[in-house]
Each structure stands twice: as structure tokens, then as C-alpha cells.
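Okay, so here's the structure we're looking at.
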Amino acid sequence: MSVTNIGMCQYCGQTVMIETSTELTDKQSNEAAIQRCECDGAQKHRAMERFGEAAEAVLGAGAVEAGFYEPVPERVVDLAKVAAQAVYDGVIEGVGIAVSSADKIKVVRDKSGIIRPIRREVRER
């Protein structure tokens with residue numbers, strides 16, 4: 001049986017009907033509406049979500065699994081997220097963050113338009 005949920009984009013107010021197998025909470029319905037909406041606010045929301053996931057993978061909890069010595073401090077991750085917003089808004093082209101002399105991060109928009117964190121760690125031989 002299919003359930004019709006109605007969600008609202010928090011950025012533009014557009015309502016969206018969402019068909020699911022179970023009833024969603026208002027919060028879940030609204031998040032689903034943001035994922036489907038094409039307004040500028042919803043697009044930025046999704047871009048910042050993607051950046052946050054990528055940042056966690058190379059800067060945060062996933063850093064060691066990705067081949068780095070250790071995660072960077074949470075404040076550095078937060079700084080990278082603020083930089084990503086500025087890149088998205090066109091305020092800056094990109095930013096470099098020197099965590100240490102051997103650990104550097106860039107926040108840039110790639111050729112496909114996706115904003116990414118790029119981490120370079122120099123290991124001593």
C-alpha cells in the first residue's frame with residue numbers, strides 16, 4: 001500500500017507530494033521536498049550536504065580509512081564548510097588551509113561544478 005506524504009521546501013515554500021510505503025514524519029517529508037525542489041536554496045542545501053559528506057570522508061571520521069594519518073580537528077572541518085559556502089556563493093574561487101607544514105587542504109569547485117575538499121598530506125621518508 002502506498003502512502004502520500006506532503007512536504008514543504010523550507011527555502012521557497014513549494015509543497016511536494018511524496019509517495020512512500022510508510023508514513024513519513026513532517027521533518028522527513030520536508031527533507032524529501034528539499035531533495036526534490038529546484039529552487040536556489042534547495043540546490044545550495046544539497047551542494048553543502050555533498051560537501052559535508054566529502055569533508056567527513058577525507059578530513060573527519062573517514063580520514064584514516066582514506067589513507068591519512070588522522071582526522072583534522074573539528075574546527076578545521078567547520079572552517080572548510082564555511083569556505084565551501086563562500087565558494088558556492090561566488091565570494092571566493094577557493095581557499096587553502098594549512099593544518100600543519102605537512103597537511104594542507106584546498107576547498108575548490110571542480111570542472112563539473114562540484115565543490116570539493118582536497119587534502120594533501122606530505123609524509124616523511
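Sequence positions, counted from 1, serve as the residue numbers for this chain.
- Listed by first and then second residue, the ring pair (Phe, Tyr, Trp, His ring centres under 6.0 Å) pairs involving residues 94-114 amount to none (not counting sequence neighbours).
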Item to check | Residue pair Val95, Val87: steps toward the side-chain contact (heavy atoms from CB on, under 4.5 Å) verdict | outcome: CA-CA 8 Å; Val95 67; Val87 171; 5.6 Å; no
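- In this structure, Asp26 places its CG atom where only 12 or fewer heavy-atom neighbours from other residues, nucleotides or ligands lie under 6.0 Å away.
- Follow the hydrophobic side-chain contacts under 4.5 Å out from Val77 and you reach Phe68 in the same cluster.
- Within the 3.5 Å criterion, the main-chain N or O of Ile34 finds a donor-acceptor partner in the side chain of Arg46.
- A donor-acceptor pair is defined here as one N or O able to donate and one able to accept, closer than 3.5 Å; such a pair exists between the side chain of Glu121 and the backbone of Tyr69.
- The environment of CZ in Arg120 is sparse: at most 12 heavy-atom neighbours from other residues, nucleotides or ligands sit within 6.0 Å.
- Within the structure, the side chain to side chain donor-acceptor pair (under 3.5 Å) test picks out the following pairs touching residues 85-102 (sequence neighbours left out): Lys44-Asp89.
- Between Lys81 and Gly52, the shortest heavy-atom distance links the atoms CE-CA, 4.1 Å.
- Residues Ile6 and Ser29 share a closest heavy-atom pair of O-CB, 3.5 Å.
- The distance from atom CG of Asn30 to atom CE of Met8, rounded to the nearest 0.5 Å, is 6.0 Å.
- Atom CD in Glu53 sits 12.0 Å away from atom CE in Met48 (nearest 0.5 Å).
- Under the 4.5 Å side-chain heavy-atom criterion for grouping Ile, Leu, Val, Met, Phe, Trp and Tyr, Val82 is not connected to Val108 through any hydrophobic cluster.
- The shortest heavy-atom contact between Pro117 and Val58 is CG-CG2, 3.9 Å.
- Applying the side-chain hydrogen bond (donor to acceptor under 3.5 Å, both in side chains) criterion to Ser2, with sequence neighbours excluded, gives Glu19.
- The backbone N or O of Glu23 lies less than 3.5 Å from no partner atom in the side chain of Asn5, so there is not a single donor-acceptor pair.
- The CG atom of Leu24 sits 11.5 Å away from atom CD of Glu31, with the distance rounded to the nearest 0.5 Å.
- A distance of 8.5 Å separates CD of Gln28 from OG1 of Thr20, quoted to the nearest 0.5 Å.
- Counting all heavy atoms, side chain and backbone alike, Ala80 lies closest to Leu59 at CB-CD1, 4.0 Å.
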Checklist entry - What's the verdict on side-chain contact (heavy atoms from CB on, under 4.5 Å) for Ile115 and Val107, showing C-alpha distance, side-chain angles and the deciding distance? => result CA-CA 7 Å; Ile115 301 166; Val107 176; 4.0 Å; yes
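- Closest approach of Met17 to Thr4, counting heavy atoms only: CE-CG2, 3.6 Å.
- Considering every non-hydrogen atom in both Cys9 and Cys39, the closest pair reads SG-SG, 3.7 Å.
- Arg116 contributes no side-chain N or O that, together with a main-chain N or O of Ala54, makes up a donor-acceptor pair within less than 3.5 Å.
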